Amino acid sequence: FISVTDGAITQVSGSNRGQNVTAINTSRVIYQRYFRDVFRSELSKLDAVSGISEAMSNEWDGTTLLVGETQWPHLTPDGRMLVFSATSPADDTLGIYLYDTLAAGEKLRRLTADGNNYTMPTISPDGTRIVAVRSAKSPNPPSTDLVLIDVASGTVEDWTTDGDTTVETTPRWSPDGKLVAYVVVNAETGNGDILLRTTEGIVNVFPVTRTPETNEIFPVFSPDSRYMAYSSDIVEGYNIFIYDLLTNAFFQLTFDDEAFYPGVWLN
């Protein structure tokens, strides 16, 4: 954990290293953990107060749906729904899965199964829509775009349609449901810039950063949707910066030559 007030850093996972964090509070932290003994990533849940960590798959043991390697978790603000990407033993593609703790009947659902790979899902605060990255799988032409998935019907709608002309990554829904932040990767430099897209009314897309020489990645909103944290290599290493959507001001939170990537912003 990193304090937004003074930048103080607290180690909470011990020797269990991971990435791509989501949480609703310090007692329910879910992250992607790499297990070296089996050479695969699995979602783990951590109670940062007690220090107890266990496999997230324990929560859906007994369901009929088979799930392979799991990654890219994202929770709704109330903690009811968890969306993630996972390989399917049935067809060896990466799909989007939804775990609904209050669902009647099967609590785990697979939402995509069209032969393409889907990763980096982010779920809307009301749990009705998911934005994810779709990558065409061979022999389809290579292309990477954002898609919008309706949770109830599983319908997939194209959000971007330029294929690999612009590669979009790591979308994140704002807690008020009005914006989605995501990264676009410069084809020449490989660096990312952050864009914001409105989700209501007329669609507007506008940039947060315009720095092709710098890599800005992993946008994460504050609980009140006013601020956005992200990681940048503008100084040595990757440090966390904060952007104020109201004033358009930026400030640097961490000052280190290590790598820091924001995963979730908690009150």
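Because the structure is predicted, anything quoted here is derived from the model rather than measured.
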Are more than 12 heavy atoms from other residues, nucleotides or ligands located less than 6.0 Å from atom CG of D92?
no

Distance flag, aromatic centroids of [Y] and [X], threshold under 6.0 Å:
X    : Y    : value
W265 : F218 : no
F250 : F241 : no
W60  : Y99  : yes

Does a side-chain N-to-carboxylate-O contact under 4.0 Å join E157 and R134?
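R134 and E157: not salt-bridged.
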
So does R226 pair up with D244, basic N to acidic O under 4.0 Å?
yes

Examine M81 and Y118 and state if one hydrophobic cluster contains both, with Ile, Leu, Val, Met, Phe, Trp and Tyr joined whenever side-chain heavy atoms are less than 4.5 Å apart.
yes

Consider side chain to side chain contact (heavy atoms under 4.5 Å, CB included). Of T70, I30, L46, which one does M56 pass it with?
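In the set T70, I30, L46, the residue that makes a side chain to side chain contact (heavy atoms under 4.5 Å, CB included) with M56 is I30.
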
Between the side chain of [X] and the main-chain N/O of [Y], is any donor-acceptor distance below 3.5 Å?
X    : Y    : answer
T122 : H74  : no
S57  : D61  : no
R197 : F206 : no

Is there a side-chain contact between L179 and T199, using heavy atoms and a 4.5 Å cut-off?
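Not touching, per the 4.5 Å side-chain cut-off.
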
Classify the side-chain pair Y243/N248 by whether it contains a donor and acceptor separated by less than 3.5 Å.
yes

Could you walk me through whether E106 and L65 pass the side chain to side chain contact (heavy atoms under 4.5 Å, CB included) test, one step at a time?
CA-CA 9 Å; E106 290 287 350; L65 191 60; 5.8 Å; no

